[in-house]
Protein chains: 2
Amino acid sequence: MKRPVPASGLGHLRVVLDENFYIGPGRADLLEGIEKTGSISAAGKAMAMSYKRAWSLVQALNEGAGAPLVETSRGGTAQGGAHLTATGREILARYRAMEQKARAAIAPDVEALRALTKRPPPKT
Amino acid sequence: MKRPVPASGLGHLRVVLDENFYIGPGRADLLEGIEKTGSISAAGKAMAMSYKRAWSLVQALNEGAGAPLVETSRGGTAQGGAHLTATGREILARYRAMEQKARAAIAPDVEALRALTKRPPPKT
DNA sequence: CCTCGATATGTTCAAAAAAACATATCGACT
DNA sequence: AGTCGATATGTTTTTTTGAACATATCGAGG
């Protein structure tokens, strides 16, 4: 699963809140997928990630953050599933906002670097 | 070699120019170390990195960027050494500037996230 | 009480990354 | 010609990471 090169030049933005909690692109995508699909396994599959890995990431997120970001249920009519808590949604939204702001803030420098290293503007 | 948690909350800023060239915190620190010490091995040692690893990173930087960022010499009176090219210095400077700008741009959201997850302001 | 799909977790294997170790080379200077 | 310190590379070992596989569990509903 290779992440495509963003035209913006911003590859990773990892926001580290302390030594056991951070949000990066992968975690954000996973949260987004869970929100969209209502399931850890479906979200994982959508990004070509094993269920175990996806579940482990959710664990890390829930334990790392003070509050749970993802709530899960097993069995029942819906046969189980997962969804974001309000905190989870806010963290995701803020991360996306930060990505945008950071992109905008560094855009001029990225352009300058592209020119400096004589690189054609990327196709994507 | 663990990177300390920055009080700003910005852990990683990786600027990807294309699939074989990017700059992140590690590479920037290495460039800075080379600039300061005049040697790949000294710079590597300063960040608890093996010479081989440091040298490999320099290779990746020089090959990935269109132009060489680090120039090296062997033997001679100074017994060899390394220094940044003008391009190398500019890339480093711009990366640092981008870090600052990104930090500033996301600072309010970082604060909000800290509050949201009820985290004491970090000591560092 | 058995089914079903998704969560929950352990175990084992393979691939990738980094560390560790080992040489070889350059070249002004003595 | 031999020294010295830093670059330049190759080889081997260890560590880390992720994939793969295997089970166990939950719980409304048929």
Side-chain angles (χ1 to χ4, degrees), chain A residues 1-3 11-12 14 19-20 22 24-27 29-65 68-85 88, chain B residues 1-3 11-12 14 16 19-22 24-27 29-65 68-85 88:
Chain A
M1 178 220 130
K2 294 209 53 160
R3 186 174 301 280
H12 292 264
R14 175 179 287 191
E19 47 277 325
N20 43 244
Y22 71 90
R27 290 176 173 204
D29 287 353
L30 181 60
L31 286 178
E32 201 165 274
I34 290 171
E35 186 178 45
K36 214 168 291 183
T37 65
S39 142
I40 294 177
S41 86
K45 182 174 300 184
M47 46 198 302
M49 177 187 295
S50 73
Y51 169 76
K52 168 136 199 176
R53 180 153 169 59
W55 180 84
S56 300
L57 284 175
V58 169
Q59 280 296 96
L61 282 165
N62 281 345
E63 285 173 16
L69 310 187
V70 176
E71 272 174 351
T72 61
S73 69
R74 300 198 291 183
T77 303
Q79 318 296 169
H83 64 95
L84 298 195
T85 62
Chain B
M1 177 220 131
K2 295 208 55 160
R3 187 174 303 279
H12 292 264
R14 174 179 289 193
V16 182
E19 47 277 326
N20 42 242
F21 184 59
Y22 71 90
R27 290 176 174 207
D29 286 352
L30 181 60
L31 286 179
E32 200 165 276
I34 291 172
E35 186 178 45
K36 214 169 291 187
T37 65
S39 142
I40 295 176
S41 87
K45 181 174 302 183
M47 45 198 303
M49 176 186 297
S50 72
Y51 169 75
K52 168 138 199 175
R53 180 150 170 61
W55 181 84
S56 301
L57 284 176
V58 170
Q59 280 295 96
L61 283 165
N62 281 345
E63 284 172 17
L69 310 186
V70 176
E71 273 176 349
T72 62
S73 68
R74 299 199 292 185
T77 303
Q79 317 296 170
H83 64 96
L84 299 194
T85 63

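From a predicted model like this one, the values you see are computed outputs, not experimental measurements. The figures that follow rest on heavy atoms only: side chains count, while hydrogens, waters and symmetry mates do not.
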Exercise. Nearest of D:dT7, C:dA8, D:dA6 to any side-chain atom of B:Thr72?
Worked result: D:dT7
Exercise. To the nearest 0.5 Å, how far apart are CD1 in A:Ile34 and OG in A:Ser39?
Worked result: 8.0 Å
Exercise. Any side-chain N or O of B:Thr77 under 4.0 Å from OP1/OP2 of C:dC29?
Worked result: yes
Exercise. What heavy-atom pair brings B:Thr85 and B:Pro68 nearest, and what distance separates the two atoms?
Worked result: OG1-O, 2.8 Å
For this session: Measure across A:Gly11 and B:Val16 and return the closest heavy-atom pair with its distance rounded to 0.1 Å.
Result: CA-CG2, 3.5 Å
For this session: Mind checking B:Gly80 for me? I need base, sugar-phosphate or nothing, with any heavy atom below 4.0 Å counting as a touch.
Result: sugar-phosphate
Problem set entry | Interatomic distance, B:Glu71 CD vs D:dA6 P [rounded to whole Å] | 19 Å
Seminar exercise, completed: CG (B:Leu57) and NZ (B:Lys52) are apart, to the nearest 0.5 Å, by 12.0 Å
Problem set entry | Presence of A:Ser73 side-chain N/O under 4.0 Å of C:dA6 phosphate oxygens OP1/OP2 | no
For this session: Look at the side-chain N and O atoms of B:Trp55 and state whether any lies under 4.0 Å from the OP1 or OP2 oxygen of D:dA8.
Result: yes
For this session: Specify the separation, in whole Å, of atom CG of A:Asn62 and atom C1' of C:dT9.
Result: 16 Å
For this session: Can you tell me the distance, in whole Å, between the OH atom of B:Tyr51 and the P atom of C:dA22?
Result: 18 Å
Problem set entry | Length of the CZ-C1' vector between B:Arg53 and D:dT16, whole Å | 13 Å
Seminar exercise, completed: Note, DNA chain C 5' to 3' with Watson-Crick or G-U pairs under 3.5 Å encoded as ( ), [ ], | and . gives ||||||||||||||||||||||||||||||
Exercise. If you take atom types as modelled and just measure distance, does the side chain of A:Lys52 reach the base of C:dT7 with a donor-acceptor pair under 3.5 Å?
Worked result: no
Problem set entry | Nucleotide D:dA8, atom C1' - distance to CD of B:Gln79 in whole Å | 16 Å
For this session: Over all heavy atoms of both residues, which pair between A:Tyr22 and A:Arg27 is shortest? Give the atoms and the distance, please.
Result: O-NH1, 3.1 Å
Exercise. Where the side chain of B:Ser39 is defined as all heavy atoms beyond and including C-beta, which of C:dA19, D:dG27, D:dT7 is the nearest nucleotide?
Worked result: D:dT7
Seminar exercise, completed: Between CD1 of B:Ile40 and C1' of D:dA6 the distance, given in whole Å, is 9 Å
Seminar exercise, completed: Result for 5'-nearest mapping on DNA chain D, choosing between B:Ala42 and A:Ser50, is B:Ala42
Problem set entry | Atom of A:Ile40, atom of A:Ala54 and distance for their closest heavy-atom approach | CG2-CB, 3.8 Å
Exercise. In whole angstrom, what separates B:Lys45's NZ from C:dA19's C1'?
Worked result: 16 Å
For this session: Kindly give the heavy-atom pair with the smallest separation between A:Asn62 and A:Leu69, and that separation in Å.
Result: OD1-N, 2.7 Å
Problem set entry | Value in whole Å for how far the P atom of C:dA19 lies from CG of B:Leu57 | 10 Å
Exercise. Of all the nucleotides listed (D:dG27, D:dT7, C:dT9), which has the minimum atom distance to the side chain of B:Ser41?
Worked result: D:dT7
Exercise. Does the side chain of A:Arg74 get closer than 4.0 angstrom to OP1 or OP2 of D:dG27 through an N or O atom?
Worked result: no
Exercise. When we call it a touch if two heavy atoms are under 4.0 Å apart, what does A:Gly81 touch: a base, just sugar-phosphate, or nothing?
Worked result: sugar-phosphate
Exercise. To the nearest 0.5 Å, what is the distance between CD (B:Gln79) and OG1 (B:Thr77)?
Worked result: 7.5 Å
